Amino acid sequence: MSDTITQMRLSMRLDAYLREYTDKHVRSDALYKAEWGTVWHIADVARTQHTLTPELVDAVRTVLKKLA
């Protein structure tokens with residue numbers, strides 16, 4: 001999935017999820033925060049390597065919803 005347009009769109013979605021994460025006052029559940037840190041790190045590395053997939057971005061969204 002190295003199509004430049006696709007990678008740009010997935011990266012924009014990832015940025016939106018990060019903004020939502022930082023804007024929210026998420027609960028201090030260490031388990032969920034650790035899960036967020038892990039999934040965010042994996043997605044961010046994939047973004048820098050231009051290997052983001054919709055599934056990875058969706059995993060970030062899923063963990064973000066758990067934090068709400």
Side-chain angles (χ1 to χ4, degrees):
M1 183 149 300
S2 61
D3 177 12
T4 304
I5 300 287
T6 301
Q7 289 297 306
M8 188 182 312
R9 286 181 173 178
L10 291 172
S11 183
M12 289 170 56
R13 281 181 51 199
L14 206 56
D15 287 339
Y17 294 145
L18 180 60
R19 274 193 306 277
E20 187 177 341
Y21 173 77
T22 55
D23 287 347
K24 284 184 175 182
H25 293 269
V26 296
R27 63 181 181 212
S28 61
D29 189 336
L31 176 65
Y32 287 135
K33 284 194 174 186
E35 190 176 357
W36 167 263
T38 301
V39 75
W40 175 258
H41 177 74
I42 292 168
D44 199 35
V45 168
R47 175 183 12 202
T48 59
Q49 296 175 349
H50 302 288
T51 57
L52 267 177
T53 63
E55 293 81 12
L56 253 174
V57 175
D58 214 34
V60 171
R61 180 190 58 79
T62 301
V63 172
L64 180 61
K65 295 238 182 251
K66 288 181 184 179
L67 291 169

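None of the values given here were measured: they were computed from a predicted structure.
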| said: Holding to side chain to side chain contact (heavy atoms under 4.5 Å, CB included), I want the full list of residues that pass it with E55, two or more places apart in sequence or in another chain. | reply: T53

| message | For R61, give me all partners under side chain to side chain contact (heavy atoms under 4.5 Å, CB included), at least two apart in sequence or on another chain. | response | Y17, D58, K65

| request: Heavy atoms only: give me the nearest H50-Q7 pair and the separation to one decimal. | output: C-OE1, 3.2 Å

| task | Working to the nearest 0.5 Å, report the span between CD of E20 and CG of D15. | result | 13.0 Å

| Testing R9, M8, R47 for side-chain contact (heavy atoms from CB on, under 4.5 Å) with L52, which one passes? | R47

| message | I'd like to know whether L10 forms a side chain to side chain contact (heavy atoms under 4.5 Å, CB included) with R13, so could you lay out the CA-CA distance, the side-chain angles of the two residues, the decisive distance to 0.1 Å, and finally the verdict. | response | CA-CA 5 Å; L10 291 172; R13 281 181 51 199; 4.0 Å; yes

| request: Quick one: closest heavy-atom pair of A59 and V39, and the distance? | output: CB-CG2, 3.8 Å

| query | Can you name the residues that form a ring pair (Phe, Tyr, Trp, His ring centres under 6.0 Å) with W36, not counting sequence neighbours? | reply | Y21, W40

| Taking the side chain from T38 and the backbone from A34, do they hold a donor-acceptor pair closer than 3.5 Å? | yes

